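What follows is a single structure, written as structure tokens, with notes after it.
Please read all numbers here as calculations on a predicted model, not as lab measurements.
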Number of protein chains: 2
Amino acid sequence: MTIKQVSEIYNISQDTLRYYEKVGMIPTVNRNKSGIRDYTEQDLDWVQTAICMRSAGLPVDVLVQYLKLYKQGDETFKQRLDLLKNQYDKLLKQREQINQTLEKLNYKISRYEIAVKTGKLSWD
Amino acid sequence: MTIKQVSEIYNISQDTLRYYEKVGMIPTVNRNKSGIRDYTEQDLDWVQTAICMRSAGLPVDVLVQYLKLYKQGDETFKQRLDLLKNQYDKLLKQREQINQTLEKLNYKISRYEIAVKTGKLSWD
DNA sequence: TTAATAGTTGGAGTGTACTCTAAGTCAAGG
DNA sequence: CCTTGACTTAGAGTACACTCCAACTATTAA
């Protein structure tokens, strides 16, 4: 599968796909005889995961670290587990933060719904 | 209240507080006769809200836009409401993204829990 | 009175994550 | 054969959100 197809499937730029590979967030993709990337199903799995993790805000260097451990083989299960747990906890906190902000926004929104109708903003 | 106190209460750097004011994310804080910031309760409200919104990921320029509308007065209720709703929707999507990633991480974590015990990673 | 401490400003510098550019290669269609 | 278009690389440039710095001023304790 070409980089163009992958970029269309996942709605991500070709530059970003090359960047993810260059920094080591995903394993090196095989090239055909003319040096063009040919993504395998496995590559797609890595791409998919990378995009998922990044869109939730996991830092690039953490994902790079994960791939590095992965490439070191079975000796690194524990380290990979710790890394994943660590990111899991951070995401829980981030979700909690979002929940608080949603509440605050919701409160403000309801005040403005009224303000738009009545022409004035109540209580402070 | 001094900038030092505010920074300690909210656990944010003085530089960041000054930055938020400089870019217009919060209103200008009054200075005493020696030119030093003296935060009022109202200022603290703005600071608090700014920190909350930023920590959920709302962009600085959106918060700047909000304050700009706020300063323009009652004519901008509708615009402020739209802006807030817009950010609310984006946060809902972001939370959904985090939920998906948490699920994925959870799946990986449970596989690694087993891998750490058995010494090998099952299914793929 | 002087030294330390805490604040001020404008502007430069940094880290993160892309995003773009230039120069080149290759395969296919006219 | 030659052009077009999709790909390649290394490396430069950009956007965002701080973060740091230099030079300065004001207050307080010794």
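- Between the NZ atom in B:Lys85 and the CZ atom in B:Arg80 there is a gap of 14.5 Å [rounded to 0.5 Å].
- Against DNA chain C, the stretch residues 58-66 of chain A makes heavy-atom approaches under 4.0 Å through A:Pro59, A:Val60.
- Sorted by first and then second residue, the salt bridge (Lys or Arg N to Asp or Glu O under 4.0 Å) pairs involving residues 93-103 of chain A (not counting sequence neighbours) form an empty list.
- Within residues 34-43 of chain B, the residues approached by DNA chain C to less than 4.0 Å at the level of any non-hydrogen atom are B:Gly35, B:Ile36, B:Arg37, in residue-number order.
- Considering CG of B:Leu83 and OG1 of B:Thr76, their distance stands at 10.0 Å, rounded to 0.5 Å.
- Every ring pair (Phe, Tyr, Trp, His ring centres under 6.0 Å) that A:Tyr70 has, sequence neighbours left out, goes to A:Trp46.
- Interatomic distance, B:Leu58 CG to B:Thr49 OG1, rounded to the nearest 0.5 Å: 11.5 Å.
- Within residues 24-33 of chain A, no residue places a heavy atom under 4.0 Å from DNA chain C.
- Across residues 97-104 of chain B, not one residue has a non-hydrogen atom less than 4.0 Å from an atom of DNA chain C.
- Using modelled atom types, one side-chain atom of A:Asp43 and one backbone atom of A:Thr40 make a donor-acceptor pair closer than 3.5 Å.
- Taken from OG1 in A:Thr2 to CD in A:Glu8, the straight-line distance is 7.5 Å, to the nearest 0.5 Å.
- The number of heavy-atom neighbours closer than 6.0 Å to CD of B:Glu113, taken from other residues, nucleotides and ligands shown, is above 12.
- Inter-residue side-chain proximity for A:Gln79 and A:Gln65 is flagged as unmet; no heavy-atom pair is nearer than 4.5 Å.
- Of the residues in residues 3-23 of chain B, those placing a heavy atom less than 4.0 Å from an atom of DNA chain C are B:Ile3, B:Lys4, B:Gln14, B:Arg18, B:Lys22, in numerical order.
- A salt bridge (Lys or Arg N to Asp or Glu O under 4.0 Å) check over residues 61-74 of chain B, counting only residues at least two apart or in different chains, returns nothing.
- Contact annotation: the side chain of A:Arg111 never approaches that of A:Ile114 to less than 4.5 Å [non-hydrogen atoms, C-beta and beyond].
- Note that the first and last nucleotides of DNA chain C, 5' to 3', having any atom under 4.0 angstrom from a heavy atom of chain A are C:dA17 to C:dA27.
- The closest donor-acceptor contact from the side chain of A:Ser7 to the backbone of A:Gln14 lies at 3.5 Å or more, if one exists at all.
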Name each donor-acceptor pair under 3.5 Å that joins a side chain in residues 26-36 of chain A to protein atoms two or more places apart or in another chain, with its distance.
{"residue": "A:Arg31", "atom": "NE", "partner": "A:Val29", "partner atom": "O", "Å": "2.8"}
{"residue": "A:Arg31", "atom": "NH2", "partner": "A:Glu21", "partner atom": "OE2", "Å": "2.2"}
{"residue": "A:Asn32", "atom": "OD1", "partner": "A:Ser34", "partner atom": "N", "Å": "2.9"}
{"residue": "A:Asn32", "atom": "OD1", "partner": "A:Ser34", "partner atom": "OG", "Å": "3.3"}
{"residue": "A:Asn32", "atom": "OD1", "partner": "A:Gly35", "partner atom": "N", "Å": "3.3"}
{"residue": "A:Asn32", "atom": "OD1", "partner": "A:Ile36", "partner atom": "N", "Å": "3.1"}

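- Contacts classified as ring-ring contact (aromatic ring centres under 6.0 Å, His included) and involving residues 78-104 of chain B (residues at least two apart or in different chains) are not found.
- What you find for A:Cys52 and B:Lys104 is that their closest heavy atoms are SG-CD, 3.8 Å.
- There is no side-chain donor-acceptor pair under 3.5 Å between B:Lys108 and A:Gln87.
- Applying the ring-ring contact (aromatic ring centres under 6.0 Å, His included) definition to pairs two or more places apart or across chains, none involves residues 1-35 of chain A.
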